[in-house]
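Here the structure is laid out as structure tokens; the discussion comes afterwards.
What you see below is based on every heavy atom in this structure, not just the backbone, and it leaves out hydrogens, waters and symmetry mates. A note on names: the letters A, B, ... follow the listed sequences, proteins ahead of strands, and every chain is numbered from 1.
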Number of protein chains: 4
Amino acid sequence: MKRKGPKYEKIIDAAVNVIAEHGYHQSQVSKIAKEAGVADGTIYLYFKNKEDLLVSVFNEKMGTFIEKTENELKGKDTAIEKLRTLVEMHFKQLTADYELSIVTQLELRQTNRQLRAKIGEVLKRYLNLIDTILQDGMKEGVFVPEIDIRLARQMIFGTIDETATNWVMNDHRYDLPALADAIHQMLVNGLSVKMPHSN
Amino acid sequence: MKRKGPKYEKIIDAAVNVIAEHGYHQSQVSKIAKEAGVADGTIYLYFKNKEDLLVSVFNEKMGTFIEKTENELKGKDTAIEKLRTLVEMHFKQLTADYELSIVTQLELRQTNRQLRAKIGEVLKRYLNLIDTILQDGMKEGVFVPEIDIRLARQMIFGTIDETATNWVMNDHRYDLPALADAIHQMLVNGLSVKMPHSN
Amino acid sequence: MKRKGPKYEKIIDAAVNVIAEHGYHQSQVSKIAKEAGVADGTIYLYFKNKEDLLVSVFNEKMGTFIEKTENELKGKDTAIEKLRTLVEMHFKQLTADYELSIVTQLELRQTNRQLRAKIGEVLKRYLNLIDTILQDGMKEGVFVPEIDIRLARQMIFGTIDETATNWVMNDHRYDLPALADAIHQMLVNGLSVKMPHSN
Amino acid sequence: MKRKGPKYEKIIDAAVNVIAEHGYHQSQVSKIAKEAGVADGTIYLYFKNKEDLLVSVFNEKMGTFIEKTENELKGKDTAIEKLRTLVEMHFKQLTADYELSIVTQLELRQTNRQLRAKIGEVLKRYLNLIDTILQDGMKEGVFVPEIDIRLARQMIFGTIDETATNWVMNDHRYDLPALADAIHQMLVNGLSVKMPHSN
DNA sequence: GATGAATGAGATTTCATTCAT
DNA sequence: TATGAATGAAATCTCATTCAT
């Protein structure tokens, strides 16, 4: 099972394109092979089976996605800046890769539980990024100390993801990164130390 | 195409049970028919095709879900109370129907774009509920007036949905309604009129 | 899994014909279905999978084969007559069913160990027939009492089977039942009470 | 097409081992190449194709088998002794080569008609040995002169082969050469000049 | 209305063989 | 000679849907 080489990359990219264009359930191995310019059997020299290919697609693309975000975060000093960067990077990267945005937001979700579990593994690294930002913010004293990290993470990821999915389902009709500020503002408000509202 | 009658209900309920037990991709029409105690062909007297059945499942169950929430909201006076009620009702109803929670949070998402679009139609009524609460809150002066309703709705729904999905994926291991208060607090904070944070 | 009905018979017979004509490895399910005049999927209403179909072919045909032999044996009084009948029936039945002779002597042997084990189960009933004849002969005092039943059975079956296989491999070019007498004579000689040869 | 050299031997032996261990249908060319320590393509420098390799395996191994038997027969004077030697050598050689016994008795039979025909060619030399013994015995006056050589040969080979196959299928659980005497006795009886039985 | 036997299109994966190096 | 990456044809089985009864 070769896991590197130019054909490996080609197949991964072909998979993204085919899935984005034809949808998950219409992405036969033969279609991906044709798009990659290799024989059907060649796929199986690089991937154990179709599921392995799909997981690898998510791994590779999400890996890059996360790394870029991590790198960008390094230059930021405060949790609030980091959170803004995270949201911005998320939206910018999806905007920069049209096909990928369709694949991650729509297509790769129509998979069975098993595949979704493996995808979930990869996502954990991203969720850990969020957790770190939250812990930083609590240390800095800008986020409410009693906050449940898990719930806060679910608010942040849920909000970003829901926003991104809506954008893709609306055919990328509007400027997603332009929404980053407003989203950021709401999230920070939700987490910040302040006078309690009266209810 | 009969849309009512005892068999109609039986088939809908059988579908929920079969999907919850065996998963979306293992829920063949014949299995649902057997669970419902009818012949395979009978399904097609009540539903146009399998997709129609699945949409109907979501319609019927989500319809009840939304109605109960609407009724509960009627008794509440302020937007903040209404939001709390919405979150609570969401979590309570999922907790009360084990099978439904699996079906709506996990299984019905593994469907193609077309089916998801139809499910989205049904969801709109729920999202409108959220919008109304937001508008109320802005009229009341408790929510920031400049807020983008769409983004706020995505934060609220995204947070609730992500929280619910995590709970199901963690095998319902903890008390979901118990989280409603903390979630509500974060959301209200995120939306409320207050002194801006310094960043 | 229906195991009876006119289609069941049709499929079994179609399988024999297709295997006899095209050989085991060229007998695709679709070819058998076409020969039987049913859809591919119909095969799977009557058989669990292709292996199950092949085992059933052997079961059904060998079952009839054995029953006819058993019936014929009932009319015989002595072990020697019974043995002659067994050999004759074996050769006559193969001669009467051209396709079956090819399938059982040549094609169904090119199968994996698992399938062969299941076929072996069916054969046991036939081998038991032989054992009974041997025991009868020993009781009658015409067969050497010290004979190892297992070895004697292997001689009888091995001889008959090898003879039949050669006949099929020689394209049925000669009259197989005409050899029964000579075969029978040799086998009886081999087993009979007599003066030991001098060696 | 080199037919000699150390790699030729290595490949032949690797084939026997792989087939014995994994079974005929699990013996891919690549697996044999790996076992032999050569590249897949190298196989095709020594053999025309996979069938040619398998026939060669049978050729080489059966050639040695037959030669050893021939050599042993040379030292024997009478047909009866020769027959005993043939049976003994057959069983001893199978016992001495565990892998070979599995390959010749079980695995190489699961092949198509074409390959089996070629294997039959190789076997002819062995069957000729039997024929010679039979003719010797008839000349010596110990075997019935009217015997049909072909039938007698089929009895001898069929019995030996059936016995050997049963032994392999019973996982070599008992001492095969120990059965040679009894088998020999039955065969000789079957062929010998004697008073006809009364039936 | 209700049945359920029958349909048949469609896709993943294997593996013998080739050929450029 | 030797390599081994690449090829691509080919077949089992599933399951939504139909329709004669």
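If you check every strand for non-hydrogen atoms under 4.0 Å, C:Phe47 touches nothing. Using a 4.0 Å heavy-atom criterion, one finds that C:Val29 contacts the sugar-phosphate atoms exclusively.
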For nucleotides 8-10 of chain E, print each protein N/O atom paired with a nucleotide N/O atom at under 3.5 Å, atom names and distance only.
from	atom 1	to	atom 2	distance (Å)
E:dG8	N7	C:Gly41	N	3.2

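You can see that DNA chain F meets the heavy atoms of chain B within a 4.0 Å-exclusive cut from F:dC15 to F:dT18, reading 5' to 3'.
Of all the heavy atoms in D:Val103 and D:Val16, the pair that sits closest is CG2-O, 3.5 Å. Listed here is the closest heavy atom pair of B:Asn112 and B:Leu115: OD1-N, 2.8 Å.
Relative ring orientation between D:Phe47 and D:Tyr8 is described as parallel, the plane-to-plane angle staying below 30° on a 0-90° scale split at 30° and 60°.
In this structure, the side chains of B:Ile66 and B:Lys61 stay at 4.5 Å or more apart for every pair of heavy atoms.
Atom-to-atom, NZ of D:Lys34 to P of E:dC15 comes out at 14 Å; the value is rounded to the nearest Å. Going from atom NZ of B:Lys10 over to atom P of E:dG1 covers 16 Å, rounded to whole Å. Remark: C1' of E:dG4 and CE of C:Met1 are 14 Å apart, rounded to the nearest angstrom. Rounded to whole Å, the distance from CG on A:Leu45 to P on E:dT14 is 11 Å. The distance between atom NZ of A:Lys50 and atom C1' of E:dA11, rounded to the nearest whole Å, is 8 Å. Straight-line distance from the OH atom of D:Tyr44 to the C1' atom of E:dC15: 9 Å, rounded to whole Å.
The closest donor-acceptor contact from the side chain of D:Thr42 to the backbone of D:Val38 lies at 3.5 Å or more, if one exists at all. In this structure, the side chain of D:Glu107 does not engage the main chain of D:Gly23 through any donor-acceptor pair within 3.5 Å. Although no hydrogens or angles enter the test, the distance criterion places a donor-acceptor pair under 3.5 Å between the side chain of D:Lys31 and the main chain of D:Gln26. A distance-only check finds no donor-acceptor pair linking the side chain of C:Arg109 to the backbone of D:Gln110 [under 3.5 Å].
Looking at A:Gln105 and A:Thr165, their side chains do bring a donor and an acceptor atom within 3.5 Å of each other.
Between C:Gln26 and A:Lys2, it is A:Lys2 whose nearest contact on DNA chain F lies nearer the 5' terminus. Nearest-nucleotide assignment on DNA chain E puts the 5′-proximal partner with C:Lys7, out of C:Lys7 and D:His25.
Checked against D:Met62 for a side-chain contact (heavy atoms from CB on, under 4.5 Å), the options D:Val57, D:Leu100, D:Val122 give a single hit: D:Val122.
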Which is it for A:His22 and A:Gln28 under the side-chain contact (heavy atoms from CB on, under 4.5 Å) test, yes or no, and what are the steps along the way?
CA-CA 10 Å; A:His22 298 96; A:Gln28 297 84 351; over 6 Å; no

Intra- and inter-strand pairing of DNA chain E, written as dot-bracket with Watson-Crick and G-U pairs under 3.5 Å and | for the latter, reads .||||||||||||||||||||

